[in-house]
Amino acid sequence: MQFLAALLAANAVLHALVIIRYGLADKANVPFLVFTFVNAVLAIAVFLQLPYAVWATLLLSVFGLIGLTVTFNKPQREKTIDYVIWIADLLVVIGAAYLLFFR
């Protein structure tokens, strides 16, 4: 559980880096701001082992992963951080699925 919480916290930091680096002038960056807070709240919930926190993590991370994949080429900027976020989201989904179904 602590590893998943650490992944979520790192993911929140990565999302915040996009906002810090590119700002909110481009409306395509607004979801990064939303997922900064979502991942931070999920990290705290998973760390505290709140009921259904891992389920919420799995669902919201899958939603974010799909959203990032669909809109990947929309912002016209350098996308290295986006690639790292995509990998981090995938690791969070795998970690949450492991905790829910294989543990």
Side-chain angles (χ1 to χ4, degrees):
M1 286 278 208
Q2 276 64 25
F3 183 69
L4 182 61
L7 277 174
L8 286 164
N11 207 353
V13 170
L14 289 170
H15 281 80
L17 284 175
V18 172
I19 300 303
I20 291 168
R21 186 165 181 186
Y22 301 111
L24 294 173
D26 184 2
K27 298 298 182 201
N29 293 337
V30 173
F32 288 97
L33 179 65
V34 172
F35 272 94
T36 298
F37 291 110
V38 167
N39 285 323
V41 168
L42 287 173
I44 293 167
V46 168
F47 181 76
L48 296 175
Q49 298 181 2
L50 296 177
Y52 303 109
V54 180
W55 278 105
T57 298
L58 180 63
L59 294 174
L60 290 170
S61 294
V62 166
F63 178 73
L65 187 63
I66 291 169
L68 182 60
T69 301
V70 169
T71 63
F72 197 76
N73 288 322
K74 188 173 183 183
Q76 298 301 315
R77 59 177 164 74
E78 196 268 328
K79 294 187 173 63
T80 303
I81 297 175
D82 294 15
Y83 289 121
V84 176
I85 289 173
W86 196 90
I87 292 168
D89 278 343
L90 186 62
L91 289 174
V92 167
V93 168
I94 291 169
Y98 171 77
L99 288 174
L100 288 171
F101 303 117
F102 300 110
R103 186 175 75 129

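Fair warning: this is a prediction, and the values are worked out from it, not measured in the lab.
- Taken together through direct or relayed side-chain contacts under 4.5 Å among Ile, Leu, Val, Met, Phe, Trp and Tyr, I44 and F35 form parts of separate hydrophobic clusters.
- Between L7 atom CG and N39 atom CG the span is 10.5 Å, to the nearest 0.5 Å.
- Residues F101 and V93 share a single hydrophobic cluster, defined by chaining ILVMFWY side chains whose heavy atoms lie under 4.5 Å apart.
- Note that the CZ atom of R21 and the CG atom of N29 stand 11.5 Å from one another [nearest 0.5 Å].
- The distance from the NZ atom of K79 to the CD1 atom of I85 is 12.0 Å, given to the nearest 0.5 Å.
- The CG atom of L99 sits 12.0 Å away from the CD1 atom of I94 when rounded to the nearest 0.5 Å.
- Residues I19 and Y83 share a hydrophobic cluster, clusters being chains of Ile/Leu/Val/Met/Phe/Trp/Tyr side chains in contact below 4.5 Å.
- By the criterion of side-chain heavy atoms lying less than 4.5 angstrom apart, applied directly or through intervening Ile, Leu, Val, Met, Phe, Trp or Tyr residues, F37 is grouped together with V30 in one hydrophobic cluster.
- The shortest non-hydrogen separation linking L4 to G95 is CD1-C, 4.4 Å.
- Under the side-chain contact (heavy atoms from CB on, under 4.5 Å) test applied with L8, the options V13, V38, V92 reduce to a single match, V92.
- The shortest heavy-atom contact between A12 and A40 is CB-N, 3.8 Å.
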Per-pair distances, 0.1 Å, donor-acceptor, side chain in residues 45-70, under 3.5 Å, sequence neighbours excluded:
{"unit_1": "T57", "atom_1": "OG1", "unit_2": "A53", "atom_2": "O", "d": "2.8"}
{"unit_1": "S61", "atom_1": "OG", "unit_2": "T57", "atom_2": "O", "d": "2.8"}
{"unit_1": "T69", "atom_1": "OG1", "unit_2": "L65", "atom_2": "O", "d": "2.8"}
{"unit_1": "T69", "atom_1": "OG1", "unit_2": "W86", "atom_2": "NE1", "d": "2.7"}

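- Among residues at least two apart or in separate chains, side-chain hydrogen bond (donor to acceptor under 3.5 Å, both in side chains) pairs with a member in residues 89-103 are N11-D89.
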